[in-house]
Amino acid sequence: MESIGISGITPSASFTNWRRQLAEAIRDPDELCQVLDLPNEVREAARRAARWFPLLVPRGFVARMTPRDPADPLLRQVLPLDAEGEEAPGFVADPVGDGQHLAAPGLLRKYARRALLMTSGVCAVHCRYCFRRHYPYEQAPRGLDAWEPALSHLAMDQTLDEVILSGGDPLTLTDEWLARLAKRLATIPHLRRLRVHTRLPIVLPERVTDELLNWITSGSWRPIVVIHCNHPRELDLSTQHALRKLVEANIMVLNQAVLLRGVNDNVTALEELSLLLLDLGVIPYYLHQLDRVAGAAHFEVSENLGRMLVAELARRLPGYAVPRYVREIEGAEHKVPL
Ligand SMILES: *Cc1c(COP(=O)(O)O)cnc(C)c1O
Ligand code: SF4
């Protein structure tokens with residue numbers, strides 16, 4: 001993360017608030033287990049598995065978990081387990097083959113019309129099922145100058161009408177930095193949509209600052225924010241407030257969830273998730289089949305069960321509340337419906 005200090009200017013309260021909460025997130029498995037009063041064997045396993053992929057979870061997200069319940073669906077997403085060390089056939093380090101599509105440093109061209117800027121390797125939470133658990137985290141270009149080749153590429157290729165800020169999580173960067181990037185992007189006339197893929201409005205809702213709303217709505221583009229929420233219990237009051245702010249700023253907000261064993265592999269959780277999202281004005285967009293990343297096999301739900309769950313959702317909900325059940329296939333030009 002690049003810090004931009006402008007001497008003589010005091011950062012606003014909201015700025016210091018989310019940065020502080022990110023800095024104070026829980027990284028120590030012992031502390032997480034202590035806060036949630038979890039048994040010793042859980043603590044020891046968490047300590048072992050955190051060596052492969054460190055634990056990271058903001059305190060506000062932990063506060064939504066039920067104490068003394070190792071099976072809590074929110075805890076399951078962040079708690080390191082011994083199962084992560086088990087090898088499983090077909091589960092590999094880079095299941096999506098992202099390494100192969102770099103058109104310029106930090107710029108991924110994989111889909112028609114859309115280019116991804118991998119703006120930050122940092123996340124505010126470490127999701128145990130994520131394929132980024134094996135990613136070379138520090139590879140994103142840093143200062144805005146380092147982004148010039150990517151930005152020139154965007155400016156030159158008029159077939160690209162959408163920029164997706166991705167990562168890691170782009171909202172771990174400061175609004176000052178992102179506003180400068182947005183200003184540069186606004187000089188590219190053929191960009192019609194600016195999309196941000198982020199989990200921060202869910203795990204650290206204070207990140208939805210007025211400054212964020214300012215830069216994201218500053219261009220002539222349609223702003224889109226794709227959040228990542230897997231379970232209705234993630235949507236506590238502060239998160240609901242953050243999502244309402246995005247929607248009220250006239251930003252299109254979509255959710256993608258990942259289908260995860262022990263988290264949301266039941267129709268009640270998925271139905272409640274869709275209904276709560278709709279209440280907030282957020283469209284349930286994708287339900288992802290797990291990427292087969294090494295260390296995440298214990299999260300896999302069979303495609304058969306996935307199809308049954310989505311079929312049941314379709315019986316219970318209006319069509320727009322049923323997410324598209326998709327999987328990412330290496331080499332495919334879009335997500336493949338299941
Ligand atoms: C799938 C995916 C996209 C493209 O998304 P669409 O909504 O299918 O256009 C962009 N970024 C990431 C990280 C993705 O996984
Ligand atoms: S990229 Fe998204 S899913 Fe992966 S660890 Fe970061 S926040 Fe979680």
Side-chain angles (χ1 to χ4, degrees), residues 1 14 16-86 120-130 132-135 137 167-169 171-172 198-208 227-242 257-258 260-266 269 273 290 293-299:
M1 192 181 324
S14 56
T16 45
N17 198 19
W18 76 262
R19 296 294 303 276
R20 188 182 332 107
Q21 294 199 39
L22 186 52
E24 290 172 358
I26 295 184
R27 296 161 193 272
D28 176 2
D30 286 349
E31 189 184 359
L32 179 66
C33 294
Q34 193 203 331
V35 168
L36 291 171
D37 198 8
L38 294 169
N40 253 331
E41 59 273 20
V42 172
R43 176 191 309 242
E44 279 151 25
R47 230 189 263 167
R48 283 190 291 272
R51 288 195 304 245
W52 296 307
F53 182 46
L55 168 89
L56 175 63
V57 55
R59 284 167 203 277
F61 194 71
V62 175
R64 299 169 222 168
M65 300 172 185
T66 308
R68 289 175 292 281
D69 181 9
D72 180 274
L74 278 57
L75 177 64
R76 294 262 311 163
Q77 299 177 47
V78 301
L79 179 71
L81 297 181
D82 278 331
E84 294 174 25
E86 287 159 20
S120 166
V122 177
C123 292
V125 61
H126 285 172
C127 312
R128 308 310 296 179
Y129 50 84
C130 179
R132 298 202 187 281
R133 53 182 294 140
H134 302 282
Y135 231 60
Y137 264 115
D169 199 310
L171 294 190
T172 56
T198 176
R199 207 173 181 198
L200 266 140
I202 301 298
V203 300
L204 213 163
E206 294 77 5
R207 179 65 188 88
V208 181
I227 58 168
H228 173 180
C229 179
N230 297 317
H231 192 277
R233 286 238 323 274
E234 292 171 44
L235 297 167
D236 70 345
L237 284 179
S238 58
T239 305
Q240 294 180 23
H241 177 70
V258 181
L260 297 166
R261 193 156 98 210
V263 175
N264 58 9
D265 56 339
N266 65 84
L273 176 60
L290 182 79
V293 58
H298 56 290
F299 281 116

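Between the CZ atom of Arg19 and the CD atom of Glu206 there is a distance of 14.5 Å, given to the nearest 0.5 Å. To the nearest 0.5 Å, atoms CZ (Phe53) and CD (Glu84) are separated by 8.5 Å. Taken to the nearest 0.5 Å, the OG atom of Ser238 stands 11.0 Å off from the CZ atom of Phe61.
Not a single donor-acceptor pair under 3.5 Å links the side chain of Glu44 to the backbone N or O of Glu41. For Glu31 (side chain) and Arg27 (main-chain N/O), no donor-acceptor pair under 3.5 Å exists by modelled atom type. With hydrogens and angles disregarded, a donor-acceptor distance shorter than 3.5 Å links the side chain of Arg199 to the backbone of His228. Judged by distance alone, the side chain of Arg76 and the main-chain N or O of Arg128 form no donor-acceptor pair under 3.5 Å. Gln77 places a side-chain N or O within 3.5 Å of a backbone atom of Pro73 that can act as its donor or acceptor partner. Of the possible donor and acceptor atoms, one in the side chain of Gln240 sits under 3.5 Å from a partner among the backbone N and O of Leu235. Put simply, the side chain of His126 gets close to the backbone of Pro54: a donor and an acceptor are under 3.5 Å apart. Side chain of Asn264 to backbone of His231: no donor-acceptor contact under 3.5 angstrom is found. A donor-acceptor pair under 3.5 Å is formed between the side chain of Arg233 and the backbone N or O of Arg64.
The shortest non-hydrogen separation linking Ala124 to Val203 is CB-CG2, 4.1 Å. Taking all atoms of both residues into account, the shortest heavy-atom contact from Pro201 to Leu171 is CD-CD1, 4.5 Å. Closest non-hydrogen pair, Ala50 versus Pro80, comes out as N-CB, 3.7 Å. In terms of heavy-atom proximity, Ala25 sits nearest to Leu56 at CB-CD1, 3.7 Å. Heavy atoms only, all atoms of each residue included: Ala49 and Asp82 are closest at CB-N, 4.4 Å. Closest approach of Ala296 and Tyr129 over heavy atoms only: CB-CA, 3.9 Å.
By the 4.5 Å heavy-atom criterion applied to side chains, Cys229 and Glu234 are counted as neighbours. The side-chain heavy atoms of Leu79 and Leu32, taken from C-beta on, include a pair separated by under 4.5 Å. Between Val125 and Pro58 there is a side-chain heavy-atom pair separated by less than 4.5 Å.
Between the side chains of Arg207 and Thr198, no donor-acceptor pair is found at a separation under 3.5 Å.
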Give the intermediate values and the outcome of side-chain contact (heavy atoms from CB on, under 4.5 Å) for residues Val57 and Leu74. CA-CA 10 Å; Val57 55; Leu74 278 57; over 6 Å; no
Before giving the answer on side-chain contact (heavy atoms from CB on, under 4.5 Å), spell out for Leu204 and Leu22 the whole-Å C-alpha distance, their side-chain angles and the decisive distance to 0.1 Å. CA-CA 8 Å; Leu204 213 163; Leu22 186 52; 4.0 Å; yes
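Here the options are Leu36, Leu38, Asp37, the test is side-chain contact (heavy atoms from CB on, under 4.5 Å), and the partner is Arg68; only Asp37 passes.
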